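These notes are about the structure you will find just below.
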Amino acid sequence: MNAAPDASSLAAARKLAHPGPWSDTGSNDVLVWGKCQGSGKTPYQVSVDIAAPAYRCSCPSRKFPCKHALALLLLWSRGEAADAGTETAGFAQEWASQRTDRTTSRVQRQTGQPVDAQAQARRLADRMALMDAGVDDFARWLSDLVRTGLAAARSQPYAWWDGVAARLVDAQLPGLAEQVRAMGSDVHARTDWADHLLLVAGRWWAVTRAWRSRDALNPTESADLRATVGWAVPTADVEGTEALPGPWLVLGAHRSDDGRLQQQRTWLRGNDGTVVVVLDFAAQSAALATPQLAGATLDATVARYPGSEPRRAMFTSAVRPGGTATSLGKGGSISDALQAASAAVALSPWRSRFPVLLDGVRVFPGDGGWVQDGTGNALPLIDAALDSLLALTGGHPVDIFGELEEGRIRPLSAVIGETVVTP
């Protein structure tokens, strides 16, 4: 099957391509749909546009198409997805209508035709109702989580967390879903799992309270909340807002891969001190954008997404390499970094990651590694190539740029002499 992203997805689909896990299947000249029972209580809603082709599934998989969509196509190809004529399932018809509306809106923007304001308002109202219900369900789950105790949560299998994440995806809250799914691993992988879970659960609860009071938020606060729950801002809404010129200094970059989605964060600073982060995403089987080297200068214009500083940004012009910097600029102490992070949390309590440039810190081994500044304050390292960092710094004080998360720093670059390196 050419639609399969990889051999493992096709193999998994074949295991599901029998009537047992399926219900409410059907097809017409354009669509194939059905519900596939997974590990949770609620079956996954699967729709395929066989004319486009296009795929939609409510499961949390980041593979595209997922095994459920592939299995549905296999069933249909064998004539096991009944022809429903004009009786299309509600979830499939809703998805098809949304795709049609998006196509219509895109054509209208490109041709200058007026946008159907009533249709837009109707779609927004439908989405808000779905998200409201999802947030309410998440709040009830958080109440149960606290009532039964954190230790009980740790004893739950990963499927328990994944089921909660799947419901959040169904409610169009993918940002919260990713956090819940990550917590399902963190509670077993981290030694400080209890403190971590308590902190993040408190942040989740604050999100549910803020969502119910979202009409009282200012535009910046509202944008931060939308980003937290995973309500994406279309690039078309960002491109024309501004064009901040370069050169931009690459402070550092980090790649992550959770098995479903690859992400790349690239931190940049302009001549006026503005710091932005460019985010790139790719499905498991796709290639990410070419990483930029720390210390490089880039000649490009960027536009920033709405939200509090430092803001997400996107390139709005071709990126041309410039020179190479010998420094990342003036850094600060660990105390300065913690105070700046605290001030940022006061403005946007949903944030958990902050860019910091530490001045003259030494790297020490033990318990995953530490950095210590001249005042004696220290921070533990996270995701650090410790051996490489120790070899590069040689015990000498160096400037380090990284991401501060929950009192730990992820080193992304260091200044060794007059050279910016990636450890």
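Side chains are part of it too, since the values below use all heavy atoms of this structure and drop only hydrogens, waters and symmetry mates. These figures come from a predicted structure and were not determined experimentally.
For D367, the CG atom counts as loosely surrounded, since its 6.0 Å shell holds 12 or fewer non-hydrogen atoms of other residues, nucleotides or ligands.
The CH2 atom of W350 sits 11.0 Å away from the OG atom of S308 when rounded to the nearest 0.5 Å. For the atom pair CG of D280 and CZ of R265, the computed distance is 11.5 Å after rounding to the nearest 0.5 Å. Between L357 atom CG and L412 atom CG the span is 11.0 Å, to the nearest 0.5 Å. Atom OG of residue S23 and atom NZ of residue K35 lie 6.0 Å apart, to the nearest 0.5 angstrom. Atom NZ in K67 sits 5.5 Å away from atom CG in L16 (nearest 0.5 Å). Note: S155 OG to H188 NE2 = 8.0 Å, rounded to the nearest 0.5 Å.
Neither side chain, T274 nor R304, offers a donor N or O lying under 3.5 Å from an acceptor on the other. With no hydrogens or angles considered, a side-chain donor-acceptor pair links T316 and T301 at under 3.5 Å. For the residue pair N377 and S335, no side-chain donor N or O sits within less than 3.5 Å of a side-chain acceptor on the partner. Side-chain atoms of D373 and S333 include no donor-acceptor pair closer than 3.5 Å.
Nearest heavy-atom pair across V164 and W141 is CG2-NE1, 3.4 Å. Of all non-hydrogen atoms in C57 and C66, the two that sit nearest each other are CB-SG, 3.5 Å. Across every non-hydrogen atom of L358 and A337, the tightest pair is CD2-CB, 3.9 Å. L251 and A294 make their closest contact through O-CB, 4.0 Å (heavy atoms, listed as atom of the first residue, atom of the second, distance). Across all their heavy atoms, S185 and Y158 have their closest contact at OG-CE1, 4.0 Å. In this structure, V180 and W161 approach most closely via the heavy-atom pair CG1-O, 3.5 Å.
Side-chain atoms of T241 never come within 3.5 Å of backbone atoms of D237 as a donor-acceptor pair (strictly under, hydrogens ignored). Listed for the D399 side chain is a donor-acceptor partner under 3.5 Å among the backbone atoms of G360. Side chain of R269 to main chain of L328: a donor-acceptor pair is present (N/O by atom type, distance under 3.5 Å, no hydrogens or angles). The backbone N or O of L225 sits nowhere less than 3.5 Å from a side-chain atom of W231 that would complete a donor-acceptor pair.
Taking K15 as the reference, nothing meets the salt bridge (charged side-chain N to carboxylate O under 4.0 Å, His left out) condition, with sequence neighbours excluded.
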Do D24 and Q45 pass the side chain to side chain contact (heavy atoms under 4.5 Å, CB included) test, and can you show the C-alpha distance, the side-chain angles, and the key distance before you say yes or no?
CA-CA 10 Å; D24 299 336; Q45 297 176 346; over 6 Å; no

Could you go through the side chain to side chain contact (heavy atoms under 4.5 Å, CB included) check for V207 and F138 one step at a time?
CA-CA 10 Å; V207 169; F138 190 49; over 6 Å; no

Apply the test salt bridge (charged side-chain N to carboxylate O under 4.0 Å, His left out) to residues D383 and R408: give CA-CA distance (whole Å), side-chain angles for both, the deciding distance (0.1 Å), then the verdict.
CA-CA 10 Å; D383 298 337; R408 304 183 295 176; over 6 Å; no

Show, in sequence, the C-alpha distance, side-chain angles and deciding distance for V48 and L31, and conclude whether the side chain to side chain contact (heavy atoms under 4.5 Å, CB included) test is met.
CA-CA 6 Å; V48 178; L31 296 174; over 6 Å; no

CA sep, side-chain torsions, deciding dist, call: R214, R226, side chain to side chain contact (heavy atoms under 4.5 Å, CB included):
CA-CA 10 Å; R214 62 184 179 274; R226 285 178 54 147; over 6 Å; no

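Using a 4.5 Å heavy-atom threshold, the side chains of P43 and Q37 count as touching. Side-chain contact between V363 and L386 is present, with heavy atoms from C-beta onward closer than 4.5 Å. Residues R154 and L150 have side chains not in contact (no heavy-atom distance under 4.5 Å, counting atoms from C-beta outward). The side-chain heavy atoms of D336 and V356, taken from C-beta on, include no pair separated by under 4.5 Å. Within the 4.5 Å cutoff, side-chain heavy atoms of M314 are placed close to those of Y305. Proximity of V200 to D186: side-chain heavy atoms (C-beta onward) are nowhere separated by under 4.5 Å. Residues V229 and V135 have side chains not in contact (no heavy-atom distance under 4.5 Å, counting atoms from C-beta outward). Within the 4.5 Å cutoff, side-chain heavy atoms of S58 are placed close to those of R56.
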Sequence neighbours left out, cut at 3.5 Å: what donor-acceptor pairs do the side chains of residues 415-423 make with other protein atoms?
none

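With respect to E406, the salt bridge (Lys or Arg N to Asp or Glu O under 4.0 Å) criterion is satisfied by exactly one of R353, R190, R351: R190. Checking each of W33, F64, W95 against Y55 for a ring pair (Phe, Tyr, Trp, His ring centres under 6.0 Å) leaves exactly one that passes, namely F64. Partner of W267 under the side-chain hydrogen bond (donor to acceptor under 3.5 Å, both in side chains) criterion, chosen from H254, Q292, E403: E403.
In summary, E178 and R181 engage in a salt bridge, as defined by a charged side-chain N under 4.0 Å from a carboxylate O.
Using bins of under 30°, 30° to 60° and over 60° for the plane-to-plane angle, the ring pair H68/Y44 lands in the tilted bin.
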